[in-house]
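Only one structure is covered here, and it is reproduced in the block below.
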Number of protein chains: 2
Amino acid sequence: MARKTGSHSEITGPRIKQAALELFARHGFAAVTMRQIAANVGVQAGAIYNYTSDKQALLFDLLDGHMADLLSKWSAELVPVDPIAALDHFVAFHLDFHIKRPELVFISYMELRNLTEVNFKAIVEKRRIYEKIIYNLILSGVVAGDFRVPDPKITSLALIALLTGPVDWFREDGRLTSDELTRKYCALTRQTLGVSAQA
Amino acid sequence: MARKTGSHSEITGPRIKQAALELFARHGFAAVTMRQIAANVGVQAGAIYNYTSDKQALLFDLLDGHMADLLSKWSAELVPVDPIAALDHFVAFHLDFHIKRPELVFISYMELRNLTEVNFKAIVEKRRIYEKIIYNLILSGVVAGDFRVPDPKITSLALIALLTGPVDWFREDGRLTSDELTRKYCALTRQTLGVSAQA
DNA sequence: ATGTTAACTGAACACACGTTCAGATCAATC
DNA sequence: GATTGATCTGAACGTGTGTTCAGTTAACAT
């Protein structure tokens, strides 16, 4: 009945998402038009509506997919029991995941306000879950006596800000390799959490 | 000739800037219309053009004024020679300045891309100057042997990210007073820069 | 070769945008 | 009280917006 092989839909669909992502990141959701997205794919604006219900859904699917990806990838990780080793593991994971997706990270921070209330709450809930992960990680280190921090809750928020910062300036072809970046940020993070200096 | 006292221009002008600031921060530059700004002031859209050449100038004046304010206020500070004391001083200054202006901080990060190239370069140059301040501060502490950091350049960027984070979540009527926030972030910053634990 | 249908075009829709400007308004001056 | 000029209104302008949809195209099944 329906044609399968060579179907354009399996190509055009992802290309629309990719074009939307790049344009939203560069110009902002409100400044991007459906015609711009279509032009980037090589199609007319009307064709986009075969793949998304409206412009809002285009944004939400990007953000929700990003957060779902983050949480599921962390769930698949094997995390050491020792708090210091677990911290290093988290730092490496967080940096790697975020550095590979600068556009998604950017619009996840910037374009939340362009979501409808329902969509907004869905994203914020996923973000809350992620913040809880690092909070628990810090707490277990404090309890174990490995970390010494002024305030676990604040420190967890500060740590996320600290660890997400490189997204703004890190370039794969820059002065640092991603391995060096990870090493330096592991050291920086240990100091921030008051891990006594050794090993 | 011209009326002076009771002139509306001295009231309407600042009110337009204020309304633009609030709306840009809440909805984003591209999503805000001149009619919305005018409505917030209680005026018709055309009246705005008595106070600004166009929408772009409205944004630029906000951002440029913000950065000029930041640099001039820092220049007016009396900074201790001792690196650790200077660091504490900077942390307190940075937190205080940024926490009092959450909307300006927000749009200074978000709306840079909506500036024309000329306006963009003007803002980035002022930002570069500010980054240099904290970089030099770290460097002098490293040279003096007070700080121990994996990489001064990276640390300076990480520190700005760390210290600007509270803008996203700090509330004057929240769990912490701004004094407590400053104390906790001074401690956190000292640890991040590897200041040996004492005093 | 024919029929079917997913995929897309191109034009249209109602509406909103930034900006302009002739004219109304009114506080300050003479 | 008449004049002046800064301040603002209200309507208009050209253009662009998200979205819809009847109709065209082309890849598949038969």
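Within every chain, numbering begins at 1; the chains are lettered A, B, ... in the order of the sequence lines, protein sequences first and strands thereafter. Since this is a predicted model, take the numbers as computed values, not measurements.
- Contact annotation for A:Val32: backbone-only contact, meaning every heavy-atom pair under 4.0 Å involves sugar-phosphate atoms and none involves a base.
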Side-chain donor-acceptor contacts of residues 89-104 of chain A below 3.5 Å, not counting sequence neighbours, with atom names and distances?
from     : atom 1 : to       : atom 2 : distance (Å)
A:His89  : NE2    : A:Glu77  : OE1    : 2.6
A:His94  : ND1    : A:Tyr130 : OH     : 2.6
A:His94  : NE2    : A:Thr164 : OG1    : 3.0
A:Asp96  : OD1    : A:Lys100 : NZ     : 3.2
A:Asp96  : OD2    : A:Lys100 : NZ     : 3.3
A:His98  : ND1    : A:His94  : O      : 2.8
A:Arg101 : NH1    : A:Phe97  : O      : 3.0
A:Arg101 : NH2    : A:Asp69  : OD2    : 3.2

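- Regarding B:Gln36, its CD atom lies at a distance of 12 Å from the P atom of C:dA16, rounded to whole Å.
- Side-chain contact between B:Ile134 and B:Leu163: absent, with no pair of heavy atoms (C-beta onward) separated by less than 4.5 Å.
- For A:Ala47, counting side-chain heavy atoms from C-beta on, the closest listed nucleotide (D:dC8, C:dC8, C:dG18) is C:dC8.
- Where A:Gly46 and A:Thr33 each meet DNA chain D at their nearest nucleotide, the meeting point lying more 5' is that of A:Thr33.
- Dashed line: the shortest gap from a side-chain N or O of A:Thr12 to OP1 or OP2 of C:dC8 is under 4.0 Å.
- One can place OH of B:Tyr49 at 12 Å from P of C:dC17, the figure rounded to the nearest angstrom.
- The side chain of B:Met34 has C:dT19 as its nearest neighbour among C:dT19, C:dT9, D:dT9.
- A:Phe147 pairs in a side chain to side chain contact (heavy atoms under 4.5 Å, CB included) with only one of the listed residues (A:Thr155, A:Leu193, A:Thr192), which is A:Leu193.
- Side-chain atoms of B:Gln56 and B:Asn119 include a donor-acceptor pair closer than 3.5 Å.
- Listed nucleotides: C:dG18, C:dA7, D:dC8. Nearest to the side chain of A:Asn50: C:dA7.
- Separating the CD1 atom of A:Ile48 from the P atom of D:dC21 is a distance of 17 Å, rounded to the nearest angstrom.
- At the phosphate of C:dG10, OP1 or OP2 sits under 4.0 Å from a side-chain N or O atom of A:Gln44.
- Phosphate contact (OP1/OP2 of D:dC8, side-chain N/O of B:Tyr51, threshold under 4.0 Å): present.
- No side-chain heavy atom of A:Tyr135 sits under 4.5 Å from any side-chain heavy atom of A:Leu159.
- Spacing between atom CD of B:Gln56 and atom P of C:dT19 amounts to 10 Å, rounded to whole angstrom units.
- Below the 3.5 angstrom threshold, one finds a donor paired with an acceptor across the side chain of B:Arg35 and the base of C:dG18.
- Comparing C:dT19, D:dG18, C:dT9 by their closest approach to the side chain of B:Asp54 singles out C:dT19.
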